[in-house]
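Take a look at the structure set out below.
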Amino acid sequence: MADPKGFLTTGREVAETRPVGERVKDWNEVYVPGSLLPIISKQAGRCMDCGIPFCHNGCPLGNLIPEWNDYAYREDWSAASERLHATNNFPEFTGRLCPAPCESACVLGINQPAVTIKNVEVSIIDKAWDSGDVTPQPPERLSGKTVAVIGSGPAGLAAAQQLTRAGHTVVVYERADRIGGLLRYGIPEFKMEKSHINRRIEQMRAEGTKFRTEVEIGKDIDAAKLRRRYDSVVIAAGATVSRDLPVPGRDLNGVHFAMEYLPLANKVQEGDLTVSPITAQGKHVVVIGGGDTGADCVGTAHRQGAASVTQLEIMPQPGEERNANQPWPTFPMLYKVTSAHEEGGERLYSVSTTHFEGDEDGNVQSLHLIEVEFKDGKLEQKAGTERVIPAQLVTLAMGFTGTDQANGLVQQFGLDLDERGNIARDEDYATNVDGVYVAGDAGRGQSLIVWAIAEGRSAARGVDRFLTGTSALHAPIRPTDRSLTV
């Protein structure tokens with residue numbers, strides 16, 4: 001145990017953010033660089049080394065949290081990094097982007113603020129990179145087997161790295177112009193600077209993984225031909241079909257999916273564009289959807305100089321404390337103030353959009369909404385609560401409905417779908433097509449980055465067994481596993 005009295009003597013401290021007035025003027029990460037290291041060892045010492053560490057159950061990767069907390073407390077950063085990488089290929093991604101279900105399951109969190117597990121994690125990996133502890137791990141020998149991975153998000157990258165290290169020759173296909181999937185173009189720079197992706201890709205290249213960008217399987221290469229070319233295929237194409245809002249005025253100029261808006265802002269940061277073709281500058285912006293993608297749109301609009309930002313959510317405002325029906329160690333639905341919300345704007349709950357209005361040129365100018373409430377399990381509009389708000393840019397951030405089928409990938413492979421429209425798979429992540437596996441949101445549906453990495457690692461084990469008859473790779477979850485809930 002790190003510090004037997006740590007949880008009694010040390011209060012919870014989290015990463016320090018830069019002043020709002022400073023950070024909205026740039027696209028750098030919102031946290032003060034280096035602010036965690038002076039406090040993180042004591043924060044790690046709050047870990048109680050529980051007999052049954054429920055943080056393991058909260059995290060689908062099964063991260064060895066008490067172990068690397070102990071090493072971080074003792075400032076043995078090399079050992080902490082080794083324990084961290086034992087279960088997680090990309091802790092710098094999860095340490096920045098994951099909502100930390102491990103902290104919701106922390107035993108200390110029953111009656112005190114939980115251990116800052118996420119901050120400890122990111123401190124360990126950032127220190128490891130700075131110290132040169134993160135190095136390529138090429139296989140000792142090659143198997144002679146080849147694997148194609150479709151998609152370079154967290155699931156595809158995790159599967160590719162595991163299979164490369166197992167000795168297989170792996171090629172990752174990505175339809176965008178850069179590797180990273182939603183990590184690259186869906187996550188704004190202020191949440192995770194893309195240098196973190198770039199150096200991981202270089203590590204993977206040094207290990208032997210090959211990458212092919214601007215190649216869309218189903219369009220540029222026939223999926224059936226790809227299957228014949230490789231010994232196995234992993235589909236990690238994500239759930240990229242955005243949920244639409246079919247109301248009058250949806251076709252007006254200025255109403256966009258979040259994944260039309262966010263990638264363009266990231267392309268400006270990559271140097272591909274001088275100004276985004278879809279910008280919030282000087283406009284009244286409305287973000288429909290109260291989740292993380294919506295918050296990303298809010299923060300992006302602030303940095304582009306929006307005149308105002310309003311975020312709409314159809315569900316009621318969550319409370320700041322756990323509801324009785326969401327007890328520890330489940331992941332509770334709580335009112336969350338992200339860094340983007342700290343920067344300004346208004347958040348409206350229990351409202352639904354009825355229609356949009358535009359000007360004579362077909363540009364959206366306003367949004368009509370009405371308050372709603374749940375009665376007998378049904379959503380009903382509240383009469384007399386209609387109102388109009390200005391809206392010159394609207395982003396739809398209401399989640400995703402499944403993997404893309406318009407490009408022909410599903411049909412060309414001849415894949416079966418489950419009842420939710422995801423690609424069906426068995427306990428080994430295998431589809432109905434021999435040698436074809438599926439990992440991440442394409443099989444699970446829209447989920448968290450930590451689940452995507454866990455699925456990529458688990459599917460890699462299934463592929464390795466298919467190719468060699470056995471596998472020593474780590475498989476943290478089954479396809480049927482779900483978040484810890486009541």
Side-chain angles (χ1 to χ4, degrees), residues 12-40 43 90-100 102-103 113-114 116-127 129-130 154 180 182-200 258 261-271 276 279-281 285 287 289-306 308-311 320 334-347 395 397 448-450:
R12 177 181 166 105
E13 291 185 75
V14 297
E16 180 184 354
T17 54
R18 296 187 291 133
V20 168
E22 172 189 317
R23 70 187 194 231
V24 296
K25 295 177 182 178
D26 62 45
W27 293 81
N28 300 330
E29 289 186 7
V30 300
Y31 296 104
V32 175
S35 63
L36 277 175
L37 278 182
I39 66 170
I40 206 62
Q43 289 302 304
F90 314 117
E92 65 270 39
F93 302 166
T94 52
R96 287 174 167 80
L97 304 175
C98 181
C102 53
E103 293 188 20
T116 55
I117 298 170
K118 181 176 174 179
N119 281 181
V120 177
E121 177 182 24
V122 78
S123 298
I124 293 170
I125 184 56
D126 284 354
K127 183 71 173 178
W129 278 108
D130 291 342
L182 289 184
L183 293 172
R184 174 73 65 180
Y185 287 129
I187 302 297
E189 193 85 358
F190 59 83
K191 281 183 68 175
M192 187 179 74
E193 295 173 9
K194 301 307 176 279
S195 58
H196 299 296
I197 303 175
N198 296 340
R199 63 186 179 185
R200 226 12 128 163
Y261 174 59
L262 294 173
L264 291 172
N266 279 348
K267 280 185 168 292
V268 173
Q269 301 312 306
E270 294 280 6
S276 172
T279 181
Q281 185 173 8
V285 178
V287 179
D292 287 340
T293 303
D296 293 344
C297 292
V298 170
T300 299
H302 289 320
R303 283 158 180 78
Q304 290 179 338
S308 70
V309 183
T310 306
Q311 187 175 17
E320 296 185 4
L334 300 176
Y335 180 69
K336 184 168 68 171
V337 179
T338 70
S339 63
H341 297 127
E342 293 173 352
E343 294 160 3
E346 186 178 9
R347 303 168 76 179
T395 60
L448 304 176
I449 181 174
V450 69

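This structure is a prediction, so every number in the text was calculated from the model and none was measured.
Taking CZ from R303 and CD from Q269, the interatomic distance works out to 10.0 Å, rounded to the nearest 0.5 Å. A distance of 4.5 Å separates CD1 in I449 from CG in L183, rounded to the nearest 0.5 Å. Atom CZ of F90 and atom CD1 of I125 lie 10.5 Å apart (nearest 0.5 Å). To the nearest 0.5 Å, atom NZ of residue K194 and atom CH2 of residue W27 are 10.0 Å apart. Expressed to the nearest 0.5 Å, how far NE2 of H196 lies from CZ of F93 amounts to 9.0 Å. Note that OH of Y261 and CG of N266 are 10.5 Å apart. Values are rounded to the nearest 0.5 Å.
Of all non-hydrogen atoms in P263 and A258, the two that sit nearest each other are CD-O, 3.9 Å. A pairwise comparison of heavy atoms in S276 and V268 identifies N-CG2, 3.5 Å as the closest pair. Of all non-hydrogen atoms in V287 and V298, the two that sit nearest each other are CG2-CG2, 4.0 Å. Considering every non-hydrogen atom in both H341 and A295, the closest pair reads CE1-CB, 3.9 Å. In terms of heavy atoms, D296 sits closest to G186 at OD2-O, 3.9 Å. The minimum heavy-atom distance between I39 and S35, with the atom names listed, is CG1-O, 4.1 Å.
Looking at R200 and E92, a side-chain N of the basic residue comes within less than 4.0 Å of a carboxylate O on the acidic one, giving a salt bridge. Residues R23 and E342 are paired through a salt bridge, judged by an N-O separation under 4.0 Å between the basic side chain and the carboxylate. Salt bridge present: E270 and R184 bring a charged side-chain N and a carboxylate O closer than 4.0 Å.
In this structure a side-chain-to-backbone donor-acceptor pair under 3.5 Å is present from K118 to C98. Without hydrogens or angle criteria, N119 side chain to I40 main chain gives no donor-acceptor distance under 3.5 Å. Not one N or O on the side chain of Q43 forms a donor-acceptor pair closer than 3.5 Å with the backbone of V14. Judged by distance alone, the side chain of E320 and the main-chain N or O of L334 form no donor-acceptor pair under 3.5 Å.
No side-chain heavy atom of Q304 sits under 4.5 Å from any side-chain heavy atom of V285. Between R347 and V337, the closest side-chain pair of non-hydrogen atoms falls below 4.5 Å. When side chains are defined from C-beta on, V20 counts as touching V24, because their heavy atoms get closer than 4.5 Å. Put simply, the side chain of R18 reaches to within 4.5 Å of the side chain of N28, judged on heavy atoms.
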*asked:* For L262 and T293: C-alpha separation, side-chain torsions, deciding distance, then whether side chain to side chain contact (heavy atoms under 4.5 Å, CB included) applies.
replied: CA-CA 9 Å; L262 294 173; T293 303; 4.1 Å; yes
*Applying side chain to side chain contact (heavy atoms under 4.5 Å, CB included), run through R12 and T116 and close with a yes or a no.*
CA-CA 7 Å; R12 177 181 166 105; T116 55; 3.5 Å; yes
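For the salt bridge (Lys or Arg N to Asp or Glu O under 4.0 Å) with R96, the lone residue among E29, E189, E121 that qualifies is E29.
Other residues, nucleotides and ligands contribute only 12 or fewer heavy atoms inside 6.0 Å of the CD atom of Q281.
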